[in-house]
2 protein chains.
Amino acid sequence: MGDRTTIYDIAKRLNITAATVSRALSNNSKISKKTRELVFKTAEEMNYRQNKLALALKSGKSNNVGVIVPRIDRNIFSAVIRGIEENLHSEGYQVIICQSHDDEKLEIENIDALINAQVDGIIMSLTLETSEKNKAIKRIVKKGIPLIFFDRKKDIEGVSTVTINDFEGGYKATQHLIDQGCKEIAHLAGDFAIEIYEDRYKGYREALSDNGIEFREEFLIHTSSKVEDGQKATRALLKLKERPDAIFSASDFVALGAIQELRAQGIKIPQDFCVVGFSNEPFTKFMELSMSTIDQSPRDMGKIAANVFLEQVTNNDNVKIQKKVVLAPELLIRDSSSRLPIK
Amino acid sequence: MGDRTTIYDIAKRLNITAATVSRALSNNSKISKKTRELVFKTAEEMNYRQNKLALALKSGKSNNVGVIVPRIDRNIFSAVIRGIEENLHSEGYQVIICQSHDDEKLEIENIDALINAQVDGIIMSLTLETSEKNKAIKRIVKKGIPLIFFDRKKDIEGVSTVTINDFEGGYKATQHLIDQGCKEIAHLAGDFAIEIYEDRYKGYREALSDNGIEFREEFLIHTSSKVEDGQKATRALLKLKERPDAIFSASDFVALGAIQELRAQGIKIPQDFCVVGFSNEPFTKFMELSMSTIDQSPRDMGKIAANVFLEQVTNNDNVKIQKKVVLAPELLIRDSSSRLPIK
DNA sequence: CTGTTAGCGCGTTCAA
DNA sequence: TTGAACGCGCTAACAG
């Protein structure tokens, strides 16, 4: 019933040895054309399928690649995974999904589970970093398992990264606001312990300074990435003696909260106030007043991460490949910041 | 370097046998407390980790569960997967993701790849069904691999299902529109070859008839689930001599298109026209005019599907378990259909 | 309570 | 060109 046919079964049927069958099937050594064809034919007849598990045990390669993300039901991550899956599946790899829930302990657990499952590679987006985790990461590297960070990266010897240029994203968003005539631009930032948020902030600062605009401490507010935080922060900004006339938010959700609060206070967007978010979450496009944002091309990010893995695993030289791919962010100008008739 | 320590290594160190180590580690047979502790201690010291691959080969169980969805970057599917992962990971299973892209050939490929990888179970949401695929599904059942359909199901002997009551969803949405005073309710439907769409339609019909409202052929339009299709269909509806005054759409995206078109034509929502969608896509909540919709609690769906799998795999009786879990859809009344000051 | 043996299915020596 | 034998790491059957 559930019995699989093995190479032994087909060997027996053909009165040859399993080894011969194995060789014939793998097209490798010198096998007489006759027996090879015979083997293929009866393999087909008996509906033979190679047992991946045995192969994995034998070779130490599982043909699985692990992916760790904070959570899968977030557009950027599911899109990246989609890209990864698309490029890996065609190469015979299966993708194993783990969620860290931004919980470091869980993330370490996931890492060890994947190592233990002998995945051929790990592609992940980091949560906050601590020394404990660094040890877990070292374990991956030490085992010689290809490791690739995407989005939330960290510079570690032997680890490849695929990211967008967050600095440029911050710069472009801010420059765009300035181009629209905004002078007092606030920034709703993420946690600087995560590199990408610091980079976006740096881009913001650079754009300000390149345009001779002074940075104001009170225009920088740190938030989580929840909608309510955007509302709260915006309320605070509007209470200032000198109000800003634009917001660049490092998160689309926070930018949404900002827009909600602005409209609640009767402030006209984009006439009196412009807003730009970050990530191109699907809802930004569907809002009544569509939101300008930065696209991170997450699906490409996934595809590229997958390709980097493939290069690394294909590479036979014992020279370690360590790639740093940086994608260009794309500014999407939409209603929330479009004073001029662009597009 | 990358060498793992095996039970042989620790057996050698302790001058005992690998079998003893295995038994001690698995806490199973009667092992002297002393040796067990000794084994655990040195296992710890030598940083032993059980080789899942060997275990898998031996037992025929991979500890992997395959999940096939049309595409992962769609809220309902990523949310379901999130739920599945959460409930399975804690039980020691890894989740393998496959995308069918609504392409039947690819879906069959995925099925065979998963069978071949000897997953312990398959949880999937079907694309369109044909005889070819039925054969592939039979292959799963025949191998005795637990199979669970979610969302898009199909009645097959030996296959469990976890779905929402789509009929009830359609009924509730329609009844709600009637309660709002709408009399001429159109339905934008999906492909009836997929059961869930037919069920939603049937619920719509039943609600109409229960309220003594006549069904009109011209108020039923089939669409894909794209925004543009919603616009197009709505345009067609508005050209009718007798226009509808409400739309129940089987898809949030299509409902969005409808709302866009209605507003473009200057029709006031919800005063002159009400709209209800289906699926509770995240954007429905964030729209300026938030959209009423039906929530499918996809995360719960995933969790339950995972649990059904666990029950099935834990079940030792050779009685086959075949569960049919039907979740209740929840109507979320929001701006697009809320004439009365509800909530 | 523990050692011995065998086998899961495959690829890969070493001989022939 | 093919066969025989072995090992990947683990568990289970059968002794003792």
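Here is the naming used below: chain letters follow the sequence lines, and residue numbers restart at 1 for every chain.
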From [atom1] of [X] over to [atom2] of [N], roughly how many Å is that when rounded to an integer?
X	N	atom1	atom2	result
A/E37	D/dT1	CD	C1'	15 Å
A/L14	D/dG3	CG	C1'	15 Å
A/D9	C/dC8	CG	P	10 Å
A/M46	C/dG9	CE	P	13 Å
A/K12	D/dG3	NZ	P	15 Å
A/N15	D/dT2	CG	P	14 Å
A/I16	D/dA4	CD1	C1'	14 Å
A/L25	C/dG9	CG	P	15 Å

When you measure from the side chain of B/D120 to the backbone N and O of B/S62, does any donor-acceptor pair fall under 3.5 Å?
yes
OP1 or OP2 of [N] less than 4.0 angstrom from a side-chain nitrogen or oxygen of [X], does that happen here?
X	N	value
B/Q50	D/dT11	yes
A/T6	C/dC8	no
B/Y8	D/dT11	no
A/T35	D/dT2	yes
B/S22	D/dC10	no
B/T20	C/dC1	no

Close approaches to DNA chain D from residues 51-61 of chain A, in residue order (heavy atom, under 4.0 Å)
A/L57, A/K58
Salt-bridge criterion met for [X] and [Y] (N-O under 4.0 Å):
X	Y	result
A/K153	A/E195	yes
A/R139	A/D112	yes
B/D155	B/K324	yes

Please identify each residue that fulfils salt bridge (charged side-chain N to carboxylate O under 4.0 Å, His left out) with [X], with sequence neighbours left out.
X	result
B/D73	A/R82, B/R71
A/K58	none
B/K41	B/E45

For the residue pair B/T20 and B/T17, confirm or rule out a side-chain donor-acceptor distance under 3.5 Å.
no
Can you confirm whether the side chains of B/E104 and B/T127 place a donor and an acceptor under 3.5 Å from each other?
no
Summary of ring pair (Phe, Tyr, Trp, His ring centres under 6.0 Å) pairs that have at least one residue in residues 85-106 of chain B, sequence neighbours excluded
B/Y93-B/F309
Taking only the side-chain heavy atoms of A/S32 (C-beta and beyond), determine which of D/dG3, C/dT2, D/dT1 contains the nearest atom.
D/dT1
Enumerate all atom pairs, one protein N or O and one N or O from nucleotides 13-16 of chain C, separated by less than 3.5 Å.
residue	atom	partner	partner atom	Å
C/dT13	O4	A/R23	NH1	3.3

